[in-house]
> 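Supplied in structure tokens, the structure appears directly below.
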Amino acid sequence: PGLNSVIINDKNGCGTTEPIEFLVVGYPKFFTPNGDGIHDAWNIIGIETLTDPVVFIFDRYGKLLKQLDETTIGWDGTFNGRPMPSSDYWFRLEYERDEDGVQVANTIRTHFSLVR
């Protein structure tokens, strides 16, 4: 995940392109909010580069636990100040993408693990 670049080489030796930058938006498959400073919060990697992003985090029963946007640091694994248990949690990422001047809404739904 993150900002990447690619250079295309012609197989016949006719030249190469200038570097083409592209963004891969990703997310951690797990996080460990134990206060050690490593993987203590979960968020979408590259969220600040998306247009109007919103992330909704749910427990396995579908209860909304947290809503994030591009200004939020991330989810710390708590709900109403209480630590949530180790489990899989689901999220829905909604954002817009410009396709030839038209804003198209996109949604991604998948899950990650909280490990204690």
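Atoms considered below: every heavy atom in the structure, side chains included; atoms not considered: hydrogens, waters and symmetry mates. All figures in this text were calculated on a predicted structure; none of them were measured in a lab.
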> Linking I/L/V/M/F/W/Y whenever their side-chain heavy atoms sit closer than 4.5 Å, directly or via other members, would Leu114 and Phe79 fall into one cluster?
yes
> Identify the heavy atoms of Leu68 and Gly74 that sit nearest to each other, and give their distance.
CD2-C, 3.9 Å
> Please determine whether residues Ile20 and Val24 belong to a single hydrophobic cluster, defined as Ile, Leu, Val, Met, Phe, Trp and Tyr linked transitively by side-chain heavy-atom distances below 4.5 Å.
yes
> First locate atom CD of Gln67, then atom CZ of Arg92, and finally report the distance between them rounded to the nearest 0.5 Å.
9.0 Å
> What residue among Ile108, Ile44, Val55, Asp52 forms side-chain contact (heavy atoms from CB on, under 4.5 Å) with Tyr95?
Ile108
> Can you tell me if CD on Glu99 sees more than 12 non-hydrogen neighbours from other groups inside 6.0 Å?
yes
> With sequence neighbours left out, what residues match Lys11 under side chain to side chain donor-acceptor pair (under 3.5 Å)?
none
> Would you check, one step at a time, whether the test side-chain contact (heavy atoms from CB on, under 4.5 Å) holds for Thr32 with Arg116?
CA-CA 6 Å; Thr32 57; Arg116 295 217 179 259; over 6 Å; no
> So do the side chains of Arg60 and Asp88 get within less than 4.5 Å of each other, counting heavy atoms only?
no
> Looking at Thr16, is its backbone amide N or carbonyl O close enough to the side chain of Asn9 to form a donor-acceptor pair, meaning the two atoms are under 3.5 Å apart?
no
> Just by modelled atom types, is the Cys14 backbone N or O under 3.5 Å from a matching donor or acceptor in the Asn12 side chain?
no
> So, taking the atom named NZ in Lys66 and the one named CG in Asp59, what distance separates them when rounded to the nearest 0.5 Å?
15.0 Å
> How long is the span from the CZ atom in Arg109 to the CZ atom in Phe56, to the nearest 0.5 Å?
10.5 Å
> Do Ile45 and Val25 touch side chain to side chain, with heavy atoms closer than 4.5 Å?
no
> Roughly how far, to the nearest 0.5 Å, is the CG atom of Leu93 from the OG1 atom of Thr107?
8.0 Å
> Considering only heavy atoms from C-beta outward, does the side chain of Gln103 approach that of Asp98 to under 4.5 Å?
yes
> Angle between ring planes, Tyr27 versus Phe91, binned at 30° and 60°: parallel, tilted or perpendicular?
perpendicular
> With a 6.0 Å cut-off on the ring centroids, do Tyr89 and Trp42 count as close?
no
> Rounded to the nearest 0.5 Å, how far does CZ of Phe31 lie from CG of Asp76?
7.5 Å
> Which distance, rounded to the nearest 0.5 Å, do you find between the OG of Ser87 and the NE2 of His111?
11.0 Å
> Start with the C-alpha distance between Asn106 and Leu50, add both sets of side-chain angles, then the distance that settles side-chain contact (heavy atoms from CB on, under 4.5 Å), and finish with yes or no.
CA-CA 11 Å; Asn106 288 296; Leu50 299 174; over 6 Å; no
> Minimum heavy-atom separation for Gly77 and Pro33, please, with both atom names.
CA-CG, 4.5 Å
> Spell out, as yes or no, whether a donor-acceptor pair under 3.5 Å connects the side chain of Asp40 to the backbone of Asn34.
yes
> Between Met84 and Phe112, is there a shared hydrophobic cluster once you connect ILVMFWY residues whose side-chain heavy atoms come closer than 4.5 Å?
yes
